[in-house]
Amino acid sequence: MPIKILMPALSPTMTEGNLAKWHKREGDPVKPGDVIAEIETDKATMEVEAVDEGVLGKIIVPEGTQAVKVNEPIALMLAEGESPSALSQSTNGAKPAPSASPAPSLAPQPAPAAPAPTAVASTVNQMAPASRIFVSPLAKRMAAQAKLDLGPLQGSGPHGRIVKADVERALGGGGRMPAPAPAAAAPPAGAPSPRAVAAAAFPGGPAYVEFPNNNIRKVVARRLTESKQHAPHFYLTIDCEIDQLLKLRAELNAKNEKDGIKISVNDMVIKLAALALKKVPAANASFTEAAIRRYTDIDISVAVAIPDGLITPIIHKADQKGLAQISAEMKDLAARARAGKLKPEEFQGGTFSISNLGMYGIREFAAVINPPQGAILAVGAGEQRPVVKAGAIAIATVMTSTLSVDHRVVDGAVGAEYLQAFKKLVEDPISMLL
């Protein structure tokens, strides 16, 4: 009996994935530990290793197929000495693979007895099929990184879908392809390829372009919606003077310049936020129906923007690490997050989150809690402001930080105590070195 290779669940939140690439072909020998495929999950593209030995007999789900349900058969493997004739019986009993066919046109269909669409709407609808580009997620990401125009490419995948091999051939044959003449309804430069250009949803309404939601965007949307619906948020804001912090950062970077170490303000905020949790452990917690779960490790999740959405790689045991180690880990995690190469344990879990928009000049904001955590710290930009010291006006560099708290697990007094501890550490940063 052939062995069924199933779509694996590579993260706790994964219910479906995209089969980005097969590393083995039908008839190839397979050993335990061999990489057989790449799966695009809700957070990253990960390699899948074989656990059995045999020969890859039949690929059920072709590469480039999207939305393959977890535990659905994606291939059949023959055990040693097993006849290929056994494949036909297994294939007949297998469920059909998800279709990799192009998405249907998204132009709205008029209701019965509705007035005919205007001439402008008809023109846009006629343009829609020519403007669609069907491409696998991996090929799309590779093309974006190489600034490759996908318009002139002919796909070799199922139903003409552009796959990784097509992008590699285009890049190997001279790099970037010439850009086609701009269409009348072309999306902005640098935008991902739209699925379809549609007419207005109603007569006189605005025309629009739709971009398919990938797994990452779907999961982020679902989890944050659940967070706002189920976790009763409240917000606490505090101002911290960071002149001493900036001075210490400059001194540390000057002393370690020859070693290539460059500490950022964000690195210092991660360390200080972790030390504040050590002083106020009741804020390092999450809610369950049975109990409040107070964590003994301090694992800081840090929000990182990626082309497909948002991900939160983790600095584990941040309170126990030095600034140089936090800085090196954060640079590595952020780079691999943007490349979709994080391991599950590097972004799943975490006990407390930080979201820093200071580098964009955002003065103050409130973040949505990252479930099941009990709090997230939103950090704004440091800017010079007038402050009162000893009855006189002075100028100080001030950073506004807002703590979003799940009131089921962290009460107002605990949240305020945490922000007091954080402010004290920020304004006396030398204490982090003790």
Side-chain angles (χ1 to χ4, degrees), residues 236-284 295-303 314-334 351-359 363-364 375-403 414-434:
L236 300 168
T237 300
I238 201 165
D239 290 334
C240 305
E241 295 182 18
I242 61 171
D243 293 288
Q244 292 300 315
L245 183 77
L246 297 176
K247 180 181 177 182
L248 176 61
R249 172 178 174 264
E251 291 174 354
L252 290 173
N253 285 338
K255 289 179 181 179
N256 294 281
E257 185 177 5
K258 62 180 182 298
D259 296 323
I261 297 174
K262 188 173 183 181
I263 308 297
S264 69
V265 171
N266 195 57
D267 299 330
M268 302 181 86
V269 167
I270 293 169
K271 175 70 174 181
L272 295 169
L275 292 176
L277 286 172
K278 194 172 182 178
K279 292 179 178 292
V280 189
N284 191 40
Y295 299 103
T296 53
D297 287 337
I298 298 175
D299 298 334
I300 303 294
S301 302
V302 184
I314 301 166
I315 301 293
H316 292 277
K317 299 184 179 180
D319 59 313
Q320 302 177 26
K321 294 178 177 176
L323 289 172
Q325 185 177 358
I326 289 175
S327 179
E329 286 189 18
M330 198 62 240
K331 288 182 175 69
D332 173 62
L333 288 168
T351 65
F352 183 94
S353 288
I354 293 175
S355 180
N356 189 344
L357 294 179
M359 65 287 293
R363 173 173 177 163
E364 178 182 348
I376 182 171
L377 184 67
V379 180
E383 59 180 11
Q384 289 193 329
R385 303 179 199 169
V387 297
V388 178
K389 294 186 177 181
I393 298 293
I395 300 297
T397 307
V398 178
M399 177 181 75
T400 299
S401 298
T402 298
L403 185 69
V414 173
E417 187 181 354
Y418 172 79
L419 281 183
Q420 281 186 332
F422 177 72
K423 175 182 173 72
K424 184 176 181 180
L425 287 164
V426 168
E427 296 184 347
D428 184 21
I430 197 69
S431 58
M432 84 171 77
L433 305 177
L434 300 177

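Heavy-atom contacts from other residues, nucleotides or ligands closer than 6.0 Å to CD of Glu251 number more than 12. More than 12 heavy atoms of other shown residues, nucleotides or ligands fall within 6.0 angstrom of atom NZ in Lys423. Heavy atoms of other residues, nucleotides or ligands lying less than 6.0 angstrom from NZ of Lys278 number 12 at most.
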> Which is it for Lys262 and Glu257 under the side chain to side chain contact (heavy atoms under 4.5 Å, CB included) test, yes or no, and what are the steps along the way?
Replying inline: CA-CA 7 Å; Lys262 188 173 183 181; Glu257 185 177 5; over 6 Å; no
>> Please determine whether side chain to side chain contact (heavy atoms under 4.5 Å, CB included) holds for the pair Met399 and Asp239, giving the CA-CA distance in whole Å, both sets of side-chain angles, and the decisive distance to 0.1 Å.
In response: CA-CA 6 Å; Met399 177 181 75; Asp239 290 334; over 6 Å; no
> After noting the C-alpha distance and the side-chain angles of Glu383 and Arg363, does the key distance pass the side chain to side chain contact (heavy atoms under 4.5 Å, CB included) rule?
Replying inline: CA-CA 8 Å; Glu383 59 180 11; Arg363 173 173 177 163; 3.1 Å; yes
>> With side chain to side chain contact (heavy atoms under 4.5 Å, CB included) as the criterion, how do Ile298 and Lys317 come out once you've worked through the C-alpha distance, each side chain's angles and the decisive distance to 0.1 Å?
In response: CA-CA 5 Å; Ile298 298 175; Lys317 299 184 179 180; over 6 Å; no
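With hydrogens and angles ignored, the 3.5 Å screen pairs no side-chain donor or acceptor of Asn253 with any backbone N or O of Ala250. Although no hydrogens or angles enter the test, the distance criterion places a donor-acceptor pair under 3.5 Å between the side chain of Asn284 and the main chain of Tyr295. Counting only distance, with no hydrogens or angles, the side chain of Lys321 and the backbone of His316 share a donor-acceptor pair below 3.5 Å.
Using a 4.5 Å cut-off on side-chain heavy atoms (C-beta onward), Glu364 and Thr402 make contact. The side-chain heavy atoms of Leu246 and Thr397, taken from C-beta on, include a pair separated by under 4.5 Å. Counting heavy atoms from C-beta outward, Ile314 and Leu333 have side chains that stay 4.5 Å or more apart. With a 4.5 Å cut-off on side-chain heavy atoms, Ile261 and Leu252 do not count as touching. Put simply, the side chain of Met268 reaches to within 4.5 Å of the side chain of Arg249, judged on heavy atoms. Within the 4.5 Å cutoff, no side-chain heavy atoms of Ile395 are placed close to those of Val387. At least one side-chain heavy atom of Phe422 sits under 4.5 Å from a side-chain heavy atom of Ser401. Using a 4.5 Å cut-off on side-chain heavy atoms (C-beta onward), Leu275 and Lys279 make no contact.
When every heavy atom of Leu236 is checked against every heavy atom of Gly415, the shortest pair comes out as CD1-C, 3.4 Å.
Note that OG of Ser431 and CG of Leu425 are 4.5 Å apart. Values are rounded to the nearest 0.5 Å. Distance check, rounded to the nearest 0.5 Å: OH of Tyr418 to CD1 of Ile238 gives 11.0 Å. Distance CG/Leu323 to CG/Asn256: 10.0 Å, rounded to 0.5 Å. Rounded to the nearest 0.5 Å, atoms CD (Gln325) and CE (Met330) are 13.5 Å apart. To the nearest 0.5 Å, the span separating CD1 on Ile270 from CG on Leu377 amounts to 11.0 Å. Here Ile315 contributes atom CD1 and Ile354 contributes atom CD1; the two are 9.5 Å apart, rounded to the nearest 0.5 Å.
Between the side chains of Asp299 and Thr351, no donor-acceptor pair is found at a separation under 3.5 Å.
Checked for salt-bridge contact, Arg385 and Glu241 miss the test: no charged N lies under 4.0 Å from a carboxylate O.
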